[in-house]
J.: 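Here it is, the structure, as structure tokens.
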Amino acid sequence: MTEETKKKVHAANFVAYVMEKIQDDTGFRAAMTRADNPDTESQAWRYLVHFCDLERPWERLPLGLVGAAIARKRIAQDGTQRLGEALRFCKQSLQEEDDSVERKLRRLLACDSSAELVPVLRPVLRLVQNAEKVSLNYTQLLRDILYFSEKVKLQWAKQYYSKKQEDDACTSPE
């Protein structure tokens, strides 16, 4: 099994585990909803320890963030949209004249590490989860956070701006 395949399986296993376990285990769900808060994350460590080394915050924090997002909304099935696309739909759903969603994306893109990304991403996930027509792919999101790099940033930017640029080109006068 290649290293890339192991990464994909690891993220998929964690997301599937959380989605299944929150459906009938209220103690697990309560602990996971607290996993993205530095003051209460320790309540979820007994579950996270099976998926990461707790002494490695670059592993633990992304799992806590994604696990908490899934648990809060009681997500039962993984979505299809990557983060950039989900933010684009979020902007359309909100029909905002200002560029607050784009500013949030630019802030994400300015992060240099997953440790810096996690606290910035927390409110963005809540915004995305409350938008209409958004079906976030939590497995892919977890992979993106765990292996955060310039490539991930470029992909998010491309997903967000690609459709927007097409729309702008269609409406611009010739």
Side-chain angles (χ1 to χ4, degrees), residues 1 4-54 56-96 100-101 104-105 108 111 114 117-148 152 155-156 158-160 162-163:
M1 184 180 289
E4 185 64 27
T5 304
K6 287 179 186 178
K7 293 175 185 178
K8 289 179 181 179
V9 168
H10 174 69
N13 286 345
F14 177 76
V15 169
Y17 172 76
V18 172
M19 287 181 179
E20 180 181 325
K21 193 110 166 118
I22 62 170
Q23 301 307 317
D24 58 355
D25 187 337
T26 56
F28 173 82
R29 186 170 57 245
M32 287 309 296
T33 59
R34 296 176 181 95
D36 67 345
N37 182 330
D39 296 330
T40 58
E41 72 170 323
S42 62
Q43 295 176 28
W45 289 352
R46 65 187 246 179
Y47 304 110
L48 296 179
V49 72
H50 303 291
F51 293 93
C52 70
D53 182 346
L54 294 178
R56 296 179 174 181
W58 59 90
E59 293 177 4
R60 183 186 76 244
L61 296 176
L63 291 172
L65 176 69
V66 172
I70 293 168
R72 255 189 218 97
K73 287 293 188 174
R74 295 184 182 187
I75 307 291
Q77 184 175 353
D78 209 357
T80 58
Q81 295 171 330
R82 293 189 65 174
L83 185 63
E85 184 182 8
L87 285 170
R88 186 179 72 235
F89 276 91
C90 186
K91 179 165 176 69
Q92 292 168 353
S93 170
L94 296 174
Q95 298 177 345
E96 293 183 22
S100 64
V101 175
K104 290 177 186 347
L105 172 68
L108 293 173
C111 293
S114 60
L117 177 69
V118 167
V120 175
L121 191 53
R122 187 178 305 123
V124 173
L125 281 180
R126 289 194 178 118
L127 175 72
V128 167
Q129 288 182 318
N130 291 327
E132 296 176 22
K133 299 181 184 177
V134 175
S135 172
L136 192 59
N137 183 325
Y138 291 93
T139 302
Q140 185 60 52
L141 176 65
L142 180 56
R143 280 187 218 135
D144 288 349
I145 301 168
L146 286 169
Y147 309 104
F148 189 64
V152 170
Q155 290 171 347
W156 287 352
K158 182 179 176 183
Q159 295 152 12
Y160 180 82
S162 64
K163 179 70 174 159

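Predicted, not measured: the structure shown is a model, and the values here were computed from it. Values reported hereafter were calculated over all heavy atoms of this structure, with side chains retained and with hydrogens, waters and symmetry mates removed.
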J.: Check the pair Leu83, Val152 against side-chain contact (heavy atoms from CB on, under 4.5 Å), reporting the backbone distance first and the verdict last.
T.: CA-CA 10 Å; Leu83 185 63; Val152 170; over 6 Å; no

J.: Is Gln140 reaching over with its side chain to a backbone N or O of Arg82, donor-acceptor style, under 3.5 angstrom?
T.: no

J.: Describe, in one word, how the ring planes of Trp156 and Phe148 are oriented to each other, choosing from parallel (under 30°), tilted (30 to 60°) and perpendicular (over 60°).
T.: tilted

J.: Do Leu146 and Ser114 have side-chain heavy atoms sitting under 4.5 Å apart?
T.: no

J.: Sub-3.5 Å donor-acceptor pair from the side chain of Asp78 to the main-chain atoms of Val15, do we have one?
T.: no

J.: Quick one: does any side-chain atom of Arg34 pair with a main-chain N or O of Ala30 as donor and acceptor, under 3.5 Å?
T.: yes

J.: Is the count of non-hydrogen atoms from other residues, nucleotides or ligands lying under 6.0 Å from Arg126 atom CZ greater than 12?
T.: yes

J.: Any non-hydrogen side-chain atom of Lys104 less than 4.5 Å from a side-chain atom of Leu87?
T.: no

J.: When you compare the side chain of Leu136 with that of Gln129, does any pair of heavy atoms fall below 4.5 Å?
T.: no

J.: Under the 3.5 angstrom rule, does the side chain of Glu41 hit a backbone N or O of Leu61 as a donor-acceptor pair?
T.: no

J.: Pairs in or reaching into residues 23-33: which pass side chain to side chain donor-acceptor pair (under 3.5 Å), with residues at least two apart or in two chains?
T.: Lys21-Asp25

J.: What is the ring orientation for Phe14 with Phe51, classed by angle as parallel under 30°, tilted 30 to 60°, or perpendicular over 60°?
T.: perpendicular

J.: Can you spot which of Leu48, Ile145, Asp36 makes a side chain to side chain contact (heavy atoms under 4.5 Å, CB included) with Leu63?
T.: Leu48

J.: Do Phe28 and Val18 make a side-chain contact, defined as non-hydrogen atoms from C-beta onward lying under 4.5 Å apart?
T.: yes

